[in-house]
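The block underneath contains the structure these notes are about, expressed in structure tokens.
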Amino acid sequence: MSNSEDEDLPRLSSHALAALQEFYAEQKQYTDLGGEDKYNIGIIEENWQLSQFWYTPETALRLAEEAVAAAGEGGRQAVLCISKRVACVSAPSVYQKLRELHRDDFSICIFEYDQRFAIYGEEFIFYDYNNPVDLPEKIAAHSFDIVIADPPYLSEECLRKTSETIKYLTRGKILLCTGAVMEEEAAKLLGVKMCKFIPKHTRTLGNEFRCYVNYDSGLDREL
């Protein structure tokens, strides 16, 4: 190639090149994750632009234990030894803690917009709340024993659209985590009531956060 031809090739600015290298480094970081470390809360950093705020390990564990208890209560699954199914909708901290519990008898899916969570393989389901039931064919209606959902934004629109997803996925039980200001709307859309248990995040949020359920829950007996 002649020098003149070489000069005609487009070149990245130093800023663009640095950004590209940072992107490749970040992708490699998540590609290299393996073993149990990839289920640690915080292994994937919060992206505030996507309104991501992770639970504390204690809260994530409490919610994961609640999901196990709620999904495992008798019924057809227990009789036929079929794996219980849990859907974590925009609630990656709970998904990670569930997987840390080593529950091989549970089938767990993480529904997330953030493609970084694709490190979880087939359990990752790309999800955009703006298209509430635009889901893969393998995700059948009413196929999860419990749905844990944490809508990313405190708005009526976001909760309403996420509620469509929740009602599509669940066989009945719902565990919703959202702001206290959404109590009335949550009751109207999903028939859930506020629990006594108060979830906590690794960072202090500006709005009071609460849990809501539509079944008899241990979260409602904890002061």
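Just so it is clear, the structure is predicted and the values come from calculations on it, not from any experiment. Both backbone and side-chain heavy atoms feed into the values below; hydrogens, waters and symmetry mates do not.
Here the closest heavy-atom approach between residue C195 and residue L219 is recorded as CB-O, 3.7 Å. Closest of all the heavy-atom pairs between A91 and D150 is CB-CB, 4.2 Å. Scanning both residues, Y95 and C109, for their nearest heavy atoms gives CD1-C, 4.4 Å. Between I110 and F117 the shortest heavy-atom distance is CD1-CD2, 3.9 Å. Between I125 and P136, the shortest heavy-atom distance links the atoms CG2-CD, 3.6 Å. Scanning all heavy atoms of the two residues, the minimum distance from S93 to Y55 falls at OG-N, 3.3 Å.
By the 6.0 Å contact criterion, NZ on K193 is open, its count of non-hydrogen atoms from other residues, nucleotides or ligands being 12 or less.
Contact annotation: the side chain of I148 never approaches that of L176 to less than 4.5 Å [non-hydrogen atoms, C-beta and beyond]. Looking at heavy atoms from C-beta onward, L61 lies in side-chain contact with L101 at the 4.5 angstrom threshold. Side-chain contact check for T59 versus H201: every heavy-atom pair is 4.5 Å or farther apart. Side chains of Y212 and L175 form no contact here, defined as non-hydrogen atoms less than 4.5 Å apart.
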**Prompt:** Please walk me through it: do L159 and L189 pass side-chain contact (heavy atoms from CB on, under 4.5 Å)?
**Reply:** CA-CA 8 Å; L159 180 57; L189 290 168; 3.8 Å; yes
**Step-by-step salt bridge (Lys or Arg N to Asp or Glu O under 4.0 Å) determination, R99 to E123** = CA-CA 11 Å; R99 275 293 165 237; E123 292 186 336; 2.6 Å; yes
**Request:** Would you check, one step at a time, whether the test side-chain contact (heavy atoms from CB on, under 4.5 Å) holds for K97 with L63?
**Result:** CA-CA 9 Å; K97 190 57 68 172; L63 296 177; over 6 Å; no
**Message:** Walk me through whether F144 and K84 qualify under side-chain contact (heavy atoms from CB on, under 4.5 Å).
**Reply:** CA-CA 8 Å; F144 290 88; K84 286 74 174 178; over 6 Å; no
**Request:** Report the C-alpha distance between V213 and V192 in whole Å, list the side-chain angles of each, state the deciding distance to 0.1 Å, and finish with yes or no for side-chain contact (heavy atoms from CB on, under 4.5 Å).
**Result:** CA-CA 5 Å; V213 296; V192 293; 5.7 Å; no
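For E183, there are no salt bridge (charged side-chain N to carboxylate O under 4.0 Å, His left out) partners at least two apart in sequence or on another chain. Contacts of D128 classified as side chain to side chain contact (heavy atoms under 4.5 Å, CB included), with partners at least two apart in sequence or in another chain: Y113, F126, N130, N131. Partners of T162 by side chain to side chain contact (heavy atoms under 4.5 Å, CB included), not counting sequence neighbours, listed by chain and number: V89, Y127, Y129, A149, P151, C158, I166. Qualifying side chain to side chain donor-acceptor pair (under 3.5 Å) partners for T170, counting only residues two or more places apart in sequence or in other chains: none. Legend: residues meeting salt bridge (charged side-chain N to carboxylate O under 4.0 Å, His left out) with K188, ordered by chain and number and at least two apart, are E185. Taking the salt bridge (charged side-chain N to carboxylate O under 4.0 Å, His left out) definition, one finds that K161 meets it with E157, sequence neighbours left out. Partners of S217 by side chain to side chain donor-acceptor pair (under 3.5 Å), not counting sequence neighbours, listed by chain and number: E66.
The CZ atom of R62 sits 12.5 Å away from atom OG1 of T56, with the distance rounded to the nearest 0.5 Å. Put simply, OH on Y215 and CD1 on I174 are 10.0 Å apart, with the number rounded to the nearest 0.5 Å. The CZ atom of R210 lies 11.0 Å from the SG atom of C177; values are rounded to the nearest 0.5 Å. Separating the CD atom in E184 from the CE atom in M194 is a distance of 11.5 Å, to the nearest 0.5 Å. To the nearest 0.5 Å, atom CG of residue L154 and atom CD of residue E208 are 11.5 Å apart. With rounding to the nearest 0.5 Å, the separation of OG1 in T178 from CG in N207 is 9.0 Å.
Side chain to side chain, E112 and Y120 fail the donor-acceptor criterion of an N or O pair below 3.5 Å.
Looking only at distances, a side-chain donor or acceptor of R85 sits under 3.5 Å from a matching main-chain atom of S143. N214 places no side-chain N or O within donor-acceptor distance of the main-chain N or O of G191, the cut-off being under 3.5 Å. Counting only distance, with no hydrogens or angles, the side chain of K173 and the backbone of A70 share a donor-acceptor pair below 3.5 Å.
A salt bridge links R171 with D145: the closest approach of a Lys/Arg side-chain nitrogen to an acidic carboxylate oxygen falls below 4.0 angstrom.
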